[in-house]
Number of protein chains: 2
Amino acid sequence: MLTIGKLGIAAGVKVPTIRYYEQIGLLPTPERSAGNQRLYDAKAQHRLAFIRHARDLGFPLEAIRDLLSLSDTPEQSCAVADVIATEQLSAVKARIARLTALQAELERMITQCAQGTIADCRVIEVLSDHELCGEGHGARTATRCAP
Amino acid sequence: MLTIGKLGIAAGVKVPTIRYYEQIGLLPTPERSAGNQRLYDAKAQHRLAFIRHARDLGFPLEAIRDLLSLSDTPEQSCAVADVIATEQLSAVKARIARLTALQAELERMITQCAQGTIADCRVIEVLSDHELCGEGHGARTATRCAP
DNA sequence: CCTAATGTCTCTAGTACCTATAGCTTCAAG
DNA sequence: CTTGAAGCTATAGGTACTAGAGACATTAGG
């Protein structure tokens with residue numbers, strides 16, 4: 001049985017966050033010790049680890065709630081979970097693509113910045129350019145994003 | 001001169017967000033038309049594009065404020081902007097690495113899930129495993145993250 | 001056994017970054 | 001000239017935490 005602090009360390013989640021998850025019903029109300037402190041078993045630890053990893057994946061808490069409800073009621077079809085995971089996978093892929101483009105932009109910024117002063121540093125210009133519009137937002141008509 | 005809606009379309013930013021940026025001082029208070037509507041020039045559009053792209057890069061608004069202040073006072077050293085960008089670059093790289101690992105995990109989840117019911121679907125188990133701990137949180141001592 | 005330090009408790013409030021609503025005014029197209 | 005979209009202000013709500021205050025619990029050292 002783990003106290004909340006140990007659980008937090010074990011799962012990589014801050015203590016107030018655990019209590020928050022309990023409050024919003026993502027974690028069940030745990031056992032309490034004689035002194036009213038929360039006590040968690042391995043099952044709770046798995047559940048929290050699941051939440052933490054799903055958050056890392058970019059799942060919003062509502063999607064996590066769905067996933068957990070699937071696990072809590074195993075009669076339901078896996079297809080539902082599959083749909084959620086598939087959706088999330090494409091979101092993750094899109095995020096990777098965007099971040100990769102932005103990484104290139106940052107690297108270029110840094111290179112261009114070199115050692116000058118702002119006067120000859122193009123950090124701001126580079127970032128206000130719409131060179132990434134292809135993947136990003138819908139500004140192609142009004143700005144110089146077109147090829 | 002653009003109205004706020006046109007500006008929003010041009011920069012890929014929602015109208016209330018533009019007003020919010022003005023409210024928190026990221027955008028200067030713009031000119032107004034006879035009928036009290038905001039009017040933006042190309043400079044404002046660049047500034048907003050800069051903000052939008054920096055947000056895409058994952059810069060928090062405070063960092064963006066710093067960057068903008070650098071651009072507003074060009075005497076200062078570019079090195080400061082460089083430091084911010086460099087910091088952000090490593091954050092971006094870390095995020096890409098994490099997301100790539102998580103993408104693999106999601107793909108495996110989906111493959112494993114196939115067409116079964118939750119009973120033989122390991123979505124939850126896979127996500128509660130600590131297989132990604134190497135890059136992630138600090139649970140190596142308390143969980144089975146060790147090699 | 002006692003004390004000091006650390007951990008945990010509840011509760012409230014604050015943060016970041018928006019997003020939505022209500023109720024009004026202004027503008028542009030037919 | 002009218003009507004419907006777009007703009008205005010102001011306030012409230014949303015997500016996902018995070019921090020602080022003040023009280024009780026637990027644990028390690030002397």
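In this text, all values refer to a predicted model and were calculated from it rather than measured experimentally. Chain letters run A, B, ... following the sequence lines, proteins first and then strands; every chain starts at 1.
- Salt-bridge annotation for B:R19 and B:E22: absent, with no side-chain N of the basic residue lying under 4.0 Å from a carboxylate O of the acidic one.
- Here the shortest heavy-atom pairing between A:D66 and A:S69 reads O-OG, 2.8 Å.
- Chain A approaches DNA chain C within less than 4.0 angstrom (heavy atoms of the protein), and the contacting nucleotides run 5' to 3' from C:dG7 to C:dT10.
- When A:I18, A:V13, A:L27 are each tested for a side chain to side chain contact (heavy atoms under 4.5 Å, CB included) with A:I51, only one passes: A:L27.
- With sequence neighbours excluded, no residue forms a salt bridge (Lys or Arg N to Asp or Glu O under 4.0 Å) with B:E31.
- Clustering ILVMFWY residues whenever any of their side-chain heavy atoms sit less than 4.5 angstrom apart, transitively, puts B:L39 in a cluster other than the one holding B:L26.
- Residues B:P60 and B:R55 approach most closely at CA-NH1, 3.9 Å, considering heavy atoms.
- Of all heavy-atom pairs between B:Q45 and B:A10, the closest is NE2-CB, 3.7 Å.
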Legend entry - Where protein sits on nucleotides 7-26 of chain D, one letter per nucleotide: B base, S sugar-phosphate only, - none, heavy atoms under 4.0 Å: SSB------BBS------SS
